[in-house]
There are 2 protein chains.
Amino acid sequence: MNETTSLTFAMPDMPDLESSALPDDHLDLRLWLRMLTCCNLIESEIRSRLRTEYNTTLPRFDLMAQLLRAPAGMKMSDLSRRMMVTNGNITGITDQLEKEGLVERTKVASDRRSSVVKLTAKGKRVFRKMAQAHEQWIQSLFGGLSDDSRNALFDALAELKAVARPLAS
Amino acid sequence: MNETTSLTFAMPDMPDLESSALPDDHLDLRLWLRMLTCCNLIESEIRSRLRTEYNTTLPRFDLMAQLLRAPAGMKMSDLSRRMMVTNGNITGITDQLEKEGLVERTKVASDRRSSVVKLTAKGKRVFRKMAQAHEQWIQSLFGGLSDDSRNALFDALAELKAVARPLAS
DNA sequence: TATTGTTATACTCTATAACTATA
DNA sequence: TATAGTTATAGAGTATAACAATA
């Protein structure tokens, strides 16, 4: 089904990290460079569009995405764990979003150290619009994949994530 | 062979970007978030090890990797295209590496604007050691994948790269 | 003692733009 | 005019560490 290690699709002659020809005995390395190149291409495209079309950044987008899925709000420390960045960074992003009226902090009575962050009505409205555009960007990229490839990627990445996940602990 | 869209491997209950449960009709988005999470986990681990064990950074490592494969050296602008960053950044990285005696610039007679950058003997020695360690890190991560998954990933990413590649043009 | 959130700070990475010297 | 490389600068993104309030 998969032709093992062959290049199934002819690559145009465009240089990238993987291009420094590696012999076949470095397959894992080639795999990693290919994945890294893909990710970087897509990620920088998304950052660029978020900036030019919605005047926002990827971490801000990600934080709002978390909140949309948590209507009751999330504690800052939960956001920190989920986004895998330190507490101080969450404070900074939340400050910006709050200043623009997109999220709000609420003090929680049960633990007076904690704050809960929620999307405001405006925040929900604005984010839904961005999220829709974002999903279309993604679909226009991944939509070019065959169903087989899409499913194979999905499952293989689950395996990889299980291996890589402990790194963050 | 692949169970279509199911989670083949049980995920430990660790939060990440993909965790904000998305229904199955957003499959491309889940796929992207999963890939992004994998890449970020691995990349930050590699950056961290390069820093603590070899006192270097990923762009510096990448530049040296390009040069090892080009014994005759490369022009700065070629490096810039290959690494997909602007010329000014290549100047900066090259400055650092040259100061440490790892690379050297040579003026080329045919075009007096250009420089060719090469690894020095020391640069080759140092890089080979780092590259060996780097490859072991990668193999210890991707080695956990089954052969089927590895091959499926490799081919699917080739497809994806072909779709995403034009973004950089 | 440990945790929540804040503040201050520093570094990496990258892009933009203005510049020079060639071509 | 266009290209090769340099310089300066700005901003995103992130980490570390010290701190206050609370648990």
Side-chain angles (χ1 to χ4, degrees), chain A residues 17 36-37 39-41 43-52 54-63 73-99 103-117 167-168, chain B residues 17 36-37 39-41 43-52 54-63 73-99 103-117 167-168:
Chain A
L17 286 184
L36 186 58
T37 300
C39 262
N40 286 346
L41 282 168
E43 195 177 338
S44 70
E45 179 71 11
I46 287 174
R47 283 184 198 276
S48 158
R49 293 198 193 176
L50 283 177
R51 194 183 62 249
T52 60
Y54 293 95
N55 193 34
T56 194
T57 66
L58 196 48
R60 288 173 50 144
F61 181 87
D62 287 341
L63 194 152
M74 288 176 77
K75 293 203 314 179
M76 316 263 309
S77 43
D78 292 337
L79 283 166
S80 164
R81 266 184 291 274
R82 184 64 67 89
M83 295 177 63
M84 298 189 274
V85 298
T86 54
N87 247 325
N89 294 313
I90 298 296
T91 297
I93 301 171
T94 304
D95 285 349
Q96 293 175 23
L97 293 174
E98 194 171 34
K99 199 173 296 175
V103 307
E104 60 186 0
R105 284 177 171 91
T106 324
K107 276 297 183 188
V108 16
S110 60
D111 183 342
R112 283 158 59 200
R113 293 170 304 180
S114 299
S115 293
V116 159
V117 192
L167 296 178
Chain B
L17 286 184
L36 185 58
T37 300
C39 262
N40 286 346
L41 282 168
E43 194 179 338
S44 70
E45 179 70 12
I46 287 175
R47 283 185 198 274
S48 158
R49 292 198 194 174
L50 283 177
R51 194 183 63 249
T52 60
Y54 293 97
N55 194 32
T56 194
T57 66
L58 196 48
R60 289 173 49 146
F61 180 86
D62 288 341
L63 194 152
M74 289 175 77
K75 293 204 313 179
M76 316 264 308
S77 42
D78 292 336
L79 283 167
S80 164
R81 266 184 291 275
R82 184 64 67 92
M83 294 176 64
M84 298 191 273
V85 297
T86 54
N87 247 325
N89 293 315
I90 298 296
T91 298
I93 301 171
T94 304
D95 285 348
Q96 293 175 22
L97 293 173
E98 194 170 36
K99 198 173 298 177
V103 307
E104 61 187 0
R105 283 176 171 91
T106 324
K107 276 297 184 189
V108 17
S110 58
D111 183 342
R112 281 159 57 201
R113 295 169 304 179
S114 299
S115 294
V116 159
V117 192
L167 295 177

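Just the heavy atoms: all of them, side chains too, but no hydrogens, waters or symmetry mates, feed the values below. Sequence lines set the chain letters: A, B, ... in the order given, protein chains first and strands last, and positions in each chain run from 1.
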Hey, what bend do you get for the helix from dT1(C)-dA23(D) to dA23(C)-dT1(D) if you fit axes on five pairs at each end, rounded to 10°?
0°
Name the pairs: protein N/O against N/O of nucleotides 21-23 of chain D, kept only if under 3.5 Å.
from	atom 1	to	atom 2	distance (Å)
dT22(D)	O2	R113(A)	NH1	3.4
dA23(D)	OP1	R112(A)	N	2.8

Given atom CZ of R49(B) and atom P of dA15(D), what is their separation to the nearest angstrom?
17 Å
Between the side chains of T37(A) and N40(A), does any donor sit under 3.5 Å from an acceptor?
no
Atom of S110(A), atom of V108(A) and distance for their closest heavy-atom approach
OG-CG2, 3.2 Å
Within this structure, what is the OG-CG distance for the pair S48(B) and L58(B), rounded to the nearest 0.5 Å?
12.0 Å
side-chain contact (heavy atoms from CB on, under 4.5 Å) filter on R60(A), not counting sequence neighbours, yields T56(A), T57(A), I93(A), Q96(A), L97(A), E100(A), L102(A)
Heavy-atom check, side chain of K107(B) versus side chain of S115(B), under 4.5 Å:
yes
With sequence neighbours excluded, what pairs up with T91(A) under the side-chain contact (heavy atoms from CB on, under 4.5 Å) test?
M76(A), D95(A), R105(A)
Taking every non-hydrogen atom, the tightest pair across M83(B) and P59(B)
CE-O, 3.4 Å
Taking the side chain as every heavy atom from C-beta outward, state whether D62(A) and R82(A) have any pair of such atoms under 4.5 Å apart.
no
Rounded to whole Å, CZ of R81(A) lies from P of dT14(D) at a distance of 18 Å
Could you tell me the separation between the CG atom of N40(B) and the P atom of dT14(D), rounded to a whole number of Å?
8 Å
Taken to the nearest whole Å, CG/L50(A) to C1'/dA12(D) is 13 Å
Name all residues meeting the side-chain contact (heavy atoms from CB on, under 4.5 Å) criterion together with S80(A); count only those two or more places apart in sequence or in a different chain, and write none if there are none.
N87(A), I90(A)
Produce a footprint string for nucleotides 6-15 of chain C: one letter per nucleotide, 5' end first; B if the base is under 4.0 Å from any protein heavy atom, S if only the sugar-phosphate is, - if neither.
BB-----SBB
Is any side-chain heavy atom of M74(B) closer than 4.5 Å to one of V117(B)?
no
